[in-house]
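We count residues from 1, following the sequence as given.
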Amino acid sequence: MSSPNNTSDVKRPNKVHRYKPPPANGPLEDPTPDYMNLLGMVFSMCGLMLKMKWCAWAAVYCSFISFASSRSSEDTKQMLSSFMLSISAVVMSYLQNPQPMTPPW
């Protein structure tokens, strides 16, 4: 067994750099969850107010994307409320008109 003060030690203490996390508002921040959250709320309102089923389903899709691409440190209450709003838009649009969805085109 070799001693810790051996000269064949491959560690170089002058090359060791401590990890510094990037600043929170730096260029590495991804705006996708925020945009998808906003888009999901807009689609949810269109689905609820205008009774458009495709908008309600688009809101659910945007909510899933927002949840999947968010960080764990972000506000989960806002994301959960957006998701619940989109689910309620789907439920209310199908309660008011139970026929299958017709494509917008």
- prompt: Would a 4.5 Å heavy-atom cut-off, applied to side chains only, mark Pro33 and Met79 as touching?
  reply: no
Distance, nearest 0.5 Å, that separates CZ of Phe67 from OG of Ser82: 12.0 Å
- request: Would you give the length of the straight line joining atom CE of Met84 to atom CD1 of Ile87, rounded to the nearest 0.5 angstrom?
  value: 7.5 Å
query: Going only through I, L, V, M, F, W and Y residues with side-chain contacts under 4.5 Å, is there a path from Leu95 to Val90?
result: yes
- prompt: Which value, rounded to the nearest 0.5 Å, describes the distance between Met49 atom CE and Cys55 atom SG?
  reply: 12.5 Å
field: Pair listing, ring-ring contact (aromatic ring centres under 6.0 Å, His included) test, anchored in residues 34-54, at least two apart
entry: none
task: Give a yes or no on whether Phe83 and Leu38 share a hydrophobic cluster (residues Ile, Leu, Val, Met, Phe, Trp, Tyr; joining criterion: side-chain heavy atoms under 4.5 Å apart).
output: no
field: Point-to-point distance, once rounded to the nearest 0.5 Å, from CG of Leu80 to CG of Leu85
entry: 11.0 Å
query: Would Leu48 and Val42 show up in the same hydrophobic cluster when neighbours are defined by side-chain heavy atoms closer than 4.5 Å?
result: no
message: For a 4.5 angstrom cut-off between non-hydrogen side-chain atoms, does Ile65 reach Leu39?
response: no
message: Any non-hydrogen side-chain atom of Met52 less than 4.5 Å from a side-chain atom of Ser93?
response: no
message: Could you measure the distance from the OG atom of Ser66 to the CE atom of Met41? Nearest 0.5 Å is fine.
response: 8.5 Å
Ser63 and Met36, any side-chain heavy atoms less than 4.5 Å apart: no
query: Counting distance only, does the side-chain N/O of Lys51 pair as donor-acceptor with the main-chain N or O of Tyr94 below 3.5 Å?
result: no
- prompt: Between Gln78 and Asn37, is any pair of side-chain heavy atoms under 4.5 Å apart?
  reply: yes
task: Please confirm whether the backbone N or O of Ala89 pairs with a side-chain atom of Lys53, one donor and one acceptor, at under 3.5 Å?
output: no
